[in-house]
Amino acid sequence: MRTQVAIVGAGPAGLLLGALLHRAGVDAVIVERRSADYVLSRIRAGVLEQTTADLLDEAGVGARMHAEGLPHGGIELSFGGTRHRIDIQQLTGGKHVTVYGQTEVTRDLMHAREVDGLTTVYEAEGVSVHDFDGARPRVRYQHGGVWHEIECDFIAGCDGFHGVCRASVPTAAIQLFERVYPFAWLGLLSETPPVREELIYTRHERGFALCSMRSPTRSRYYLQCSLDDKVADWSDDAFWDELRHRLDPEAAESLVTGPSIEKSIAPLRSFVAEPMRFGCLFLAGDAAHIVPPTGAKGLNLAASDVGLLARAFAEFYAGSEQGIATYSERCLRRVWKAERFSWWFTSLMHQFPDNNAFGQRMQQAELAYLVGSVAASTVLAENYVGLPLEH
Ligand code: RFL
Ligand code: PHB
């Protein structure tokens, strides 16, 4: 098989890249290790920046997001038993985020691919990438017991943190930056109305908690938990009791509980690989960088990477190499700013095992400053809605 761009991974990065390339008249094939149902069963992000929503529109898949997504112009910070609203819309000159699940974004992109008759190979085994430092890069995989090879001009490594693309780069050619946090998030999805109309980020002595949602009837909650915890250790009742403990009294009182639809534990990590281009291989999304989910930036960074990458490939076929030559540095400038924000917000809101009484007071003082100062609130607001895209 021959194509212009071989995309490894059908997560949001790979699927959105495929859709943007299709719109730009560039040929692409996606190779994914898992089944489509498995990809859709992973419950992850919920908050889209305006730049991500714009890219979904550009890709022609924004209709359901506009119809069903929830525009949010603020978030609440809860600490010391009280909630404080950050008016994001007012602080950013009218910007907002959209609450619309990653699962739905993925579903819309998969549907569009099917309608457009584009090739996605699911359940590809033994995927490997070859000769990306030369002029004839190839992707090999096994499907239905038969080995296949895709010849292409470029390989897009959209295969997530544990993917094969970044791992195929010689260690001398890549620099890795990493911080692993000493805790995890336990997430629970339930068919219950959200506790409040907006998201609540809570700092509590027993640990961080987040109240989010997928729709007016479906809620997503997270609790900071131990890295050693297993999902089986947490009954639904134990989860709801702990969440009530960490919320302010009014929110705790109005919390509607119900059986969980999904529960999962995710460790928290900050990670960046530099550069993001190796000859004809380009990394995008979680394959190149990870942020802790506190800032809601992971999916949005994946989208802005592939927005730049799609344009760079389209420019290449129109005769300019400028876009692909500067892809890595343009992405990394934005990535590091999102890394900084996500690290800062995580450090402010979580309990760290080595945080002594002084550290506790620092967190409390910073939160008091944050909600009391327009300057400090604006810093939070403009990062939360997303920094502007460089062109
Ligand atoms: P993905 O989604 O991991 O997709 C990679 C795909 O590649 C496939 N793959 C392979 N395919 C072929 N061959 C191989 N060898 C392969 N190895 C892997 C995988 O099966 C998979 O389908 O990466 P992508 O596309 O870069 O997307 C990144 C986002 O998924 C991620 O950044 C976000 O989910 C992070 N995130 C959030 N981001 C936000 O912007 N806003 C949020 O509110 C938000 N909340 C979250 C989050 C992540 C969370 N977890 C579970 C870590 C909340 C949580 C709890
Ligand atoms: C989510 O709804 O899954 C979600 C929302 C905000 C975050 C992280 C996750 O910061």
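Both ligands and their constituent atoms are indexed starting at 1 by order of listing.
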Show the atoms of ligand 1 that are less than 4.0 angstrom away from any heavy atom in Asn300. 40 (O)

Looking at the rings of Tyr384 and Phe345, which for Trp means the six-membered one, are their centres under 6.0 Å apart? no

For atom CD of Glu205, decide whether the heavy atoms of other residues, nucleotides or ligands shown that lie under 6.0 angstrom number more than 12. yes

Heavy-atom distance to atom 3 (O) of ligand 1: which of Arg33, Arg34, Arg269, Arg44 wins? Arg44

Reference residue Phe154; test ring-ring contact (aromatic ring centres under 6.0 Å, His included); the match among Tyr327, Phe316, Phe132: Phe316

Could you tell me whether some N/O pair between Ala296 and ligand 1 is separated by less than 3.5 angstrom? yes

Atom indices of ligand 1, in the order listed, that fall short of 4.0 Å to a heavy atom of Val164: 15 (N)

Heavy-atom distance to atom 13 (N) of ligand 1: which of Leu17, Val127, Leu299, Leu48 wins? Val127

Closer than 4.0 angstrom: is that true for some heavy atom of Arg42 and an atom of ligand 1? yes

Can you sort out which atoms of ligand 1 are near Val8, meaning under 4.0 Å from one of its heavy atoms? 12 (C), 13 (N)

If I apply the N/O under 3.5 Å rule, does Ala13 come out as touching ligand 1? yes

Ring-ring centroid check Phe177 Trp336, cutoff 6.0 Å: yes

Does Gly163 reach ligand 1 with a nitrogen or oxygen that is under 3.5 Å from one of the ligand's nitrogen or oxygen atoms? no

Hey, which atoms in ligand 2 end up nearer than 4.0 Å to a heavy atom of Thr294? 10 (O)

Numbered in order shown, the ligand 1 atoms found under 4.0 Å of a heavy atom of Val31 are 11 (N), 12 (C)

If you measure from each heavy atom of Gly187 to ligand 1, is any distance below 4.0 Å? no

Phe183 and Phe208 aromatic centres sub-6.0 Å: no

Do any nitrogen or oxygen atoms of Gly298 come within less than 3.5 Å of a nitrogen or oxygen of ligand 1? yes

Of all the non-hydrogen atoms in the protein, which one sits nearest to atom 27 (O) of ligand 1, and at what distance? Pro12 CG, 3.5 Å

Tell me: protein heavy atom nearest atom 6 (C) of ligand 2, and distance? Tyr201 OH, 3.3 Å

Could you tell me which atoms of ligand 1, counted from 1 in the order shown, lie closer than 4.0 angstrom to a heavy atom of Cys158? 5 (C), 6 (C), 7 (O)

Within ligand 1, which atoms have a heavy atom of Val47 less than 4.0 Å away? 41 (N), 43 (O)

Report the part of Leu199 (side chain from C-beta onward, or backbone N, CA, C, O) that has a heavy atom under 4.0 Å from ligand 2; answer both or neither where that applies. side chain

Proximity winner for atom 34 (O) of ligand 1, if only heavy atoms of Glu32, Gln102, Glu125 are counted: Gln102

Output yes when a side-chain donor or acceptor of Arg277 lies under 3.5 Å from a complementary backbone atom of Gly279, and no otherwise. yes

Arg113 with Asp116: basic N within carboxylate O range, under 4.0 Å: no

Nearest protein heavy atom to atom 50 (N) of ligand 1, by residue and atom, and its distance? Ala266 CB, 4.1 Å

Check the pair Glu149 / Arg138 against salt bridge (charged side-chain N to carboxylate O under 4.0 Å, His left out), numbers first and verdict last. CA-CA 7 Å; Glu149 191 166 277; Arg138 287 165 296 119; 3.2 Å; yes

Any idea which protein heavy atom is nearest atom 18 (C) of ligand 1, and the distance to it? Asp159 O, 3.1 Å

The closest protein heavy-atom partner of atom 43 (O) of ligand 1 is Gly46 N, 3.2 Å

Does any N or O atom in Tyr222 lie less than 3.5 angstrom from one in ligand 2, N or O only? yes

Going by the atom numbers of ligand 2, which of them fall below 4.0 Å from some non-hydrogen atom of Val47? 5 (C), 6 (C)

Under a 4.0 Å threshold between the charged nitrogen and the carboxylate oxygen, would Glu262 count as salt-bridged to Arg220? yes

When you check the gap from the basic side-chain N to the acidic O, do Arg33 and Glu123 get nearer than 4.0 Å? no

Any nitrogen or oxygen of Leu210, main chain or side chain, under 3.5 Å from a nitrogen or oxygen of ligand 2? no

For ligand 2, is there an N or O atom under 3.5 Å from any N or O atom of Tyr384? no

Ligand 2 versus Ser212: contacting region, heavy-atom distance under 4.0 Å: side chain

If you scan protein heavy atoms around atom 8 (C) of ligand 2, the nearest is Pro293 O, 3.3 Å

Are Phe313 and Phe282 near enough that their ring centres are under 6.0 Å apart? yes

What do we get for Arg44 next to ligand 2 when only non-hydrogen atoms under 4.0 Å count, side chain, backbone, both or neither? backbone

Checking a contact table here: which protein heavy atom is nearest atom 4 (O) of ligand 1, and how many Å away? Gly11 CA, 3.5 Å

Ion pair Lys297/Glu49, N-O distance below 4.0 Å: yes

Any non-hydrogen atom of Gln102 lying under 4.0 Å from ligand 2? no

NZ/NE/NH1/NH2 to OD/OE distance under 4.0 Å, Asp305 and Arg334: no

Could you walk me through whether Arg246 and Glu242 pass the salt bridge (charged side-chain N to carboxylate O under 4.0 Å, His left out) check? CA-CA 6 Å; Arg246 297 186 192 183; Glu242 186 59 33; 2.8 Å; yes

Under 4.0 Å to a heavy atom of Gly285 - the qualifying atoms of ligand 1, by number: 26 (O)

Testing Arg196, Arg203, Arg85 for salt bridge (Lys or Arg N to Asp or Glu O under 4.0 Å) with Glu76, which one passes? Arg196

For Tyr222, state whether at least one heavy atom is located under 4.0 Å from any atom of ligand 1. yes

Out of curiosity, Arg340 CZ to Trp343 CH2, how far, rounded to the nearest 0.5 Å? 7.5 Å

Could you pull out, from Gly14, Ala36, Ala45, the option with a heavy atom nearest to atom 47 (C) of ligand 1? Ala45

Any His72 side-chain heavy atom under 4.5 Å of Thr98 side chain: no

Straight-line distance of His84 NE2 to Ile75 CD1, nearest 0.5 Å: 12.5 Å

Determine, considering heavy atoms only, which of Leu186, Asp286, Val291, Leu283 sits nearest to atom 28 (C) of ligand 1. Asp286

Closer than 4.0 Å to some heavy atom of Pro293 - which atoms of ligand 1 meet that? 47 (C), 53 (C)

Looking at Arg136 and Asp131, does any basic side-chain N land under 4.0 Å from a carboxylate oxygen? no

If only atom types and distance count, is the side chain of Ser219 paired as donor or acceptor with the main-chain N or O of Thr192 below 3.5 Å? yes

